*Asks:* 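Take a look at this one; I'll ask things after.
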Amino acid sequence: MEIESNFIKTIMEEDLKNGKVKEIVTRFPPEPNAYLHIGHARAIITNFELAKQFGGKTNLRFDDTNPVKEDSSFVDAIKKDIEWLGYKPAKVLFGSDYFDASYDLAVKLIKKGLAYVCDLNPEEMREYRGTLTTPGKDSPYRNRSVEESYQLFEAMKNGKYKDGEKTLRAKIDMSSPNMNMRDPVIYRIIHIDHHNTGNKWCIYPMYDFAHPLQDAFEGVTHSLCSLEYDDHRVLYDWFVEKCEMEHVPHQYEFGRLNITNTIMSKRYLKQLVDENMVKGYDDPRMPTLAGLRRRGYTKESIVNFILSTGLSRVNSTVSSEMLENSLRDDLNQKVKRVNAVIDPLKVVITNYPEGKVEWIDVEYNPDNLELGSRKIAFGRYVYIEKEDFLEEKPNKKWKRLSLGIEVRLMQAYFIKCNEIVFNEDGSIKELHCTYDEKTKSGSGFDERKPNGNIHFVEATTALPATFNLLEPLLIDSDGKKDLFSRLNLNSWNIFNGFVEPSLEKTHHLERFQFIRKGYFATDYDTKDNKLVFNRIVELKTSFK
RNA sequence: UGGGCUAUGGCCAAGCGGUUAAGGCAUCGGACUUUGACUCCGAGAUCGGUAGUUCAAAUCUACCUAGCCCAGCCA
């Protein structure tokens with residue numbers, strides 16, 4: 001799958017064609033302060049795929065200019081997620097790699113009279129900044145001499161001041177209608193150890209200053225970011241120009257990706273983890289890449305999903321069905337289709353000999369013969385799904401088992417239900433059925449049509465298994481209620497049932513289609529004698 | 001109320017002055033079917049509104065409307 005036409009691809013094509021750039025260089029710049037989620041996947045995939053399609057390259061650059069928020073524990077998780085998606089960065093870099101260079105450029109701006117040290121405290125600075133509709137006022141320190149600002153900045157660097165005591169600001173225009181241009185802070189004092197540079201620095205550059213310079217140092221041609229940076233672009237260009245960067249990168253903004261019923265905010269994700277509403281960042285219900293991976297989503301399904309949603313300058317909310325579709329689409333041909341009974345109901349085939357079990361050879365996937373075949377068992381005792389039986393056939397559309405009704409156990413025989421055995425509490429204990437030897441699958445029997453086909457597992461050879469049926473963490477609402485009141489308290493449903501014996505030696509993250517039940521993946525919790533499967537998505541159904 | 005951005009079927013999204021306005025998801029019909037799956041057919045928009053420019057506009061212009069973003073020493 002390739003990226004189809006979008007405005008950034010068009011820009012790149014033109015830039016290449018008219019010689020504006022010789023090669024496409026992009027970068028993915030996560031801040032190492034959180035796990036990546038499916039929303040980030042759009043940025044990752046867009047950056048890497050676009051560069052790849054034009055024979056260019058993409059760097060991974062950790063944007064670590066704020067040591068109070070960042071830490072290296074996220075670095076490895078982020079690397080792993082990107083690698084999982086199948087991308088290899090041309091280089092792995094850190095914003096902190098450029099602290100020296102960035103400091104020199106700050107000095108350069110001071111020397112050019114384009115930056116000054118400001119003594120305003122945060123409250124004062126806010127007052128001086130003005131509002132959206134009223135212009136700001138010049139800082140009283142704005143006209144400090146170049147030499148004084150330089151000395152002060154040196155002193156800032158050398159730890160002479162406490163956090164917040166002074167800042168270095170760009171001298172631009174306090175009356176600009178664009179708030180970003182009202183003398184933005186470009187360096188602030190933070191006395192905290194940095195995960196990479198330790199205590200070497202106590203001043204750190206701001207994003208708006210650091211980012212364009214990093215892009216320029218790396219030769220990034222197309223610096224892609226989200227829409228909210230649109231009105232930072234003029235500042236981005238200002239820094240590149242005033243710092244006289246040799247290479248001139250350009251910023252382009254695209255819309256963020258949201259998915260229906262999905263929490264996509266760092267804050268809520270963190271809160272879910274911190275308050276134990278989920279089992280960690282890799283909880284299979286989480287929209288993090290780690291969560292989706294554990295749930296069983298394939299990287300192909302993620303990449304195809306992102307590519308199929310396209311890209312534009314609109315913040316979009318895509319239906320979660322689209323993600324699910326891309327998983328089904330990916331796994332349909334790829335994966336073994338096997339039998340699992342999630343919510344078992346015991347059936348006794350009264351006319352089948354006690355103690356006899358026959359084995360039937362069945363293809364793993366009729367649409368992909370390369371997957372081979374295995375033997376499935378049939379015998380006197382089998383399990384079917386509870387939901388595949390109703391005492392009385394409710395209507396003509398009911399294509400499952402009922403009293404007096406005959407269905408086919410897929411790949412085996414027709415069975416007819418003759419008797420329901422009840423428990424004392426009135427619930428169904430088991431079904432007594434008879435099978436018809438003539439109806440064996442593959443025999444060509446066509447004298448009668450069964451009332452549908454249901455799946456089953458032979459009871460004496462079945463393997464017990466646990467099934468996690470996961471639902472969205474968020475319940476639909478009219479959008480008025482806050483996220484936590486929309487939390488789905490029944491998002492993790494556990495069922496204990498059985499799978500066919502061929503699954504005995506499954507491994508973590510092996511995917512299957514459990515016939516008629518959906519796509520499942522073997523969970524990390526699976527041990528030698530304990531099988532656990534997560535349902536990735538259900539099968540589509542037109543059953544109404 | 002200042003500035004920026006956006007507006008194509010239910011949800012995404014192509015389209016860049018002349019096409020019967022791509023495609024995907026969803027939906028609704030129908031065919032096929034040992035998964036109510038898959039697959040296959042078929043159905044649906046005149047492009048936020050108005051007024052212009054033009055032989056011709058979703059594509060250009062103006063105005064209007066609606067939504068999103070910006071007043072961190074966050075990114």
Side-chain angles (χ1 to χ4, degrees), chain A residues 4-7 10 29-31 33 63-66 68-70 95 118 120-122 125-127 129-136 163-169 176-182 184-190 203-204 206-208 210-211 225-234 253 255-257 259-260 266 304-305 307-326 328-329 332-333 337 339 362 366-367 397-400 407-412 414 439 441-442 450 452-455 513-518 538-544:
Chain A
E4 57 180 81
S5 180
N6 67 49
F7 73 104
T10 302
E31 184 183 15
N33 72 344
D63 213 334
D64 57 353
T65 55
N66 185 353
V68 329
K69 297 174 65 180
E70 296 137 9
C118 182
L120 254 26
N121 65 37
M125 199 176 288
R126 195 179 323 119
E127 284 163 23
R129 188 157 34 228
T131 71
L132 293 177
T133 53
T134 60
D163 288 11
E165 219 175 314
K166 286 185 169 28
T167 57
L168 181 70
R169 296 225 261 165
S176 171
N178 181 343
M179 300 296 288
N180 298 301
M181 300 300 272
R182 321 244 263 226
V185 171
I186 61 183
Y187 260 95
R188 70 302 207 182
I189 301 169
I190 304 175
I203 57 171
Y204 294 91
M206 298 283 289
Y207 168 89
D208 278 325
H211 206 90
C225 62
S226 46
L227 247 29
E228 66 266 31
Y229 291 99
D230 191 318
D231 46 16
H232 292 241
R233 189 176 58 241
V234 42
E253 311 83 22
R256 283 179 186 266
L257 172 69
I259 299 177
T260 55
K266 273 181 196 173
N304 289 342
F305 164 69
L307 297 184
S308 68
T309 59
L311 189 69
S312 71
R313 284 181 62 86
V314 173
N315 286 319
S316 52
T317 302
V318 171
S319 161
S320 56
E321 290 155 327
M322 224 162 150
L323 212 209
E324 296 178 350
N325 176 265
S326 77
R328 292 190 198 104
D329 197 48
N332 181 39
Q333 303 269 119
R337 301 175 184 173
N339 294 301
V362 179
D367 294 332
K397 286 191 165 184
W398 176 256
K399 289 167 65 179
R400 304 179 184 184
V407 298
R408 171 171 18 228
L409 293 183
M410 289 177 67
Q411 302 138 346
F414 288 13
T439 61
S441 286
N453 306 289
I454 65 173
H455 62 100
Q513 182 193 120
F514 288 167
I515 292 171
R516 301 207 310 138
K517 299 312 294 178
E538 295 182 68
L539 253 29
K540 217 160 64 173
T541 178
S542 55
F543 184 39
K544 290 174 280 292

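In what follows, chains are A, B, ... by sequence order, proteins preceding strands, each numbered from 1. Please read all numbers here as calculations on a predicted model, not as lab measurements.
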*Asks:* Assign each of Val185(A) and Thr541(A) to its nearest nucleotide of RNA chain B by heavy atoms, then name whichever residue's nucleotide is nearer the 5' end.
*Replies:* Thr541(A)
*Asks:* Establish, from distance only, whether the side-chain atoms of Asn33(A) and Lys266(A) form a donor-acceptor pair under 3.5 Å.
*Replies:* yes
*Asks:* For a quick check of understanding: with a heavy-atom distance under 4.0 Å over all strands, which category does Arg408(A) fall into, base, sugar-phosphate or nothing?
*Replies:* base
*Asks:* Just to be sure I understand the rule, does Glu324(A) reach a base, reach only the sugar-phosphate, or reach nothing, if contact means heavy atoms closer than 4.0 Å?
*Replies:* nothing
*Asks:* With P as the reference atom in both, quote the distance from A66(B) to A71(B) in angstrom, rounded to an integer.
*Replies:*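 These two P atoms come out 23 Å apart once rounded.
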*Asks:* Which of parallel (below 30°), tilted (30 to 60°) and perpendicular (above 60°) describes Tyr207(A) and Tyr229(A)?
*Replies:*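 Answer is tilted, since the angle falls between 30° and 60°.
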*Asks:* Pick the P atom in A14(B) and in A22(B), then give their distance to the nearest Å.
*Replies:*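 Each nucleotide's P atom is 15 Å from the other's.
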*Asks:* With sugar-phosphate meaning primed atoms plus P, OP1 and OP2, does Thr317(A) contact a base, only sugar-phosphate, or nothing at under 4.0 Å between heavy atoms?
*Replies:*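 Sugar-phosphate only.
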*Asks:* Could you tell me whether Lys540(A) contacts a base, only the sugar-phosphate backbone, or nothing, with contacts defined as non-hydrogen atoms closer than 4.0 Å?
*Replies:*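 Sugar-phosphate, backbone atoms only, no base.
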*Asks:* In the strands shown, is A62(B) matched to any nucleotide by a Watson-Crick or G-U wobble pair with both distances under 3.5 Å, and which?
*Replies:* U50(B)
*Asks:* Any base atoms under 4.0 Å from Arg126(A), or only sugar-phosphate, or nothing? Heavy atoms, all strands.
*Replies:*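 Here Arg126(A) touches the backbone only, sparing every base.
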*Asks:* Could you tell me the Watson-Crick or G-U partner of C73(B), where both distances fall under 3.5 Å? Say none if there is no partner.
*Replies:*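 No nucleotide pairs with C73(B).
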*Asks:* Mind checking Lys517(A) for me? I need base, sugar-phosphate or nothing, with any heavy atom below 4.0 Å counting as a touch.
*Replies:*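 No contact at all - Lys517(A) keeps every heavy atom at 4.0 Å or more from the nucleic acid.
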*Asks:* Can you check the distance between C25(B) and G18(B), where both ends of the measurement are the P atom (answer in whole Å)?
*Replies:* 29 Å
*Asks:* Between Pro177(A) and Asp329(A), which residue's closest nucleotide on RNA chain B lies nearer the 5′ terminus?
*Replies:* Pro177(A)
*Asks:* For nucleotides U6(B) and C12(B), find the distance between their C1' atoms and express it as a whole number of Å.
*Replies:* 15 Å
*Asks:* When we call it a touch if two heavy atoms are under 4.0 Å apart, what does Ser5(A) touch: a base, just sugar-phosphate, or nothing?
*Replies:*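 Sugar-phosphate, no base atom in range.
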*Asks:* What contact category does Ser312(A) fall into here, base, sugar-phosphate, or nothing, at under 4.0 angstrom with non-hydrogen atoms?
*Replies:*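 Sugar-phosphate: the residue Ser312(A), judged by heavy atoms under 4.0 Å, touches backbone atoms but no base.
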*Asks:* Using a 4.0 Å heavy-atom cut-off, does Asn6(A) contact any base of the nucleic acid, only the sugar-phosphate backbone, or nothing at all?
*Replies:* sugar-phosphate
*Asks:* Using atom types as modelled and distance alone, determine if a side-chain donor or acceptor of Ser308(A) lies under 3.5 Å from a backbone N or O of Asn304(A).
*Replies:* yes
*Asks:* Syn or anti: how is G4(B) classified when any glycosidic angle within 90° of 0 counts as syn?
*Replies:*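 Here G4(B) takes the anti form, which means its glycosidic angle is more than 90° from 0.
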*Asks:* Charged N to carboxylate O below 4.0 Å: is that the case for Arg256(A) and Glu228(A)?
*Replies:* yes
*Asks:* Once you apply the 3.5 Å cut-off to both distances, tell me the Watson-Crick or G-U wobble partner of A14(B), or none.
*Replies:*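 Per the H-bond distance test, none.
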*Asks:* With a 4.0 Å cut-off on heavy atoms, is Thr65(A) in touch with a base, just the backbone sugar-phosphate, or nothing at all?
*Replies:* sugar-phosphate
*Asks:* Have a look at Glu4(A) and say if it touches a base, only the backbone sugar-phosphate, or nothing, with a 4.0 Å heavy-atom cut-off.
*Replies:*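 If one applies the 4.0 Å heavy-atom cut-off, Glu4(A) turns out to touch a base.
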*Asks:* In plain terms, say whether Asp367(A) and Arg337(A) are close enough for a salt bridge, that is, a side-chain N and a carboxylate O under 4.0 Å apart.
*Replies:* yes
*Asks:* Which value, in whole Å, describes the distance between the C1' atoms of nucleotides U33(B) and A43(B)?
*Replies:*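 Between the two C1' atoms, the distance is 23 Å.
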*Asks:* Would you please test Ile190(A) and Val68(A) for side-chain contact (heavy atoms from CB on, under 4.5 Å) and show each step?
*Replies:* CA-CA 8 Å; Ile190(A) 304 175; Val68(A) 329; 3.6 Å; yes
*Asks:* Provide the distance between the two P atoms, one in U8(B) and one in U46(B), to the nearest whole Å.
*Replies:* 14 Å
*Asks:* So His232(A), base contact, sugar-phosphate only, or nothing? Heavy-atom distance under 4.0 Å.
*Replies:*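 The answer is base, as His232(A) lies within the cut-off (heavy atoms under 4.0 Å) of a base atom.
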*Asks:* When you compare C47(B) with G17(B), how far apart are their C1' atoms, in angstrom units rounded to a whole number?
*Replies:*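 Taking atom C1' in both C47(B) and G17(B), they lie 15 Å apart.
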*Asks:* Determine which nucleotide pairs with U20(B), using a 3.5 Å limit on both distances of a Watson-Crick or G-U wobble pair.
*Replies:* none
*Asks:* With rounding to whole Å, what would you report as the distance between G23(B) and C5(B) at their C1' atoms?
*Replies:* 26 Å
*Asks:* Under 3.5 Å, is there a donor-acceptor pair linking the side chains of Asn339(A) and Gln411(A)?
*Replies:*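 Their side chains do contain a donor-acceptor pair, which is all the 3.5 Å distance test asks for.
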*Asks:* By the 4.0 Å heavy-atom rule, please label Met206(A) as base, sugar-phosphate, or nothing.
*Replies:* sugar-phosphate
*Asks:* Tell me whether Thr439(A) contacts the main-chain N or O of Phe414(A) through its side chain, where contact means a donor paired with an acceptor under 3.5 Å.
*Replies:*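 Pair found, side chain donor or acceptor close to backbone of Phe414(A).
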*Asks:* Check whether Ser316(A) reaches the backbone of Val318(A) with its side chain - one donor and one acceptor, N or O, closer than 3.5 Å.
*Replies:*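 Pair absent, no side-chain N/O of Ser316(A) close to backbone of Val318(A).
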*Asks:* What is the first contacted nucleotide of RNA chain B and what is the last, in 5' to 3' order, if contact means an atom lying under 4.0 angstrom from a heavy atom of chain A?
*Replies:* U1(B) to A75(B)
*Asks:* Would you indicate what Asn332(A) reaches in the nucleic acid, counting non-hydrogen atoms under 4.0 angstrom: base, sugar-phosphate, or nothing?
*Replies:* sugar-phosphate
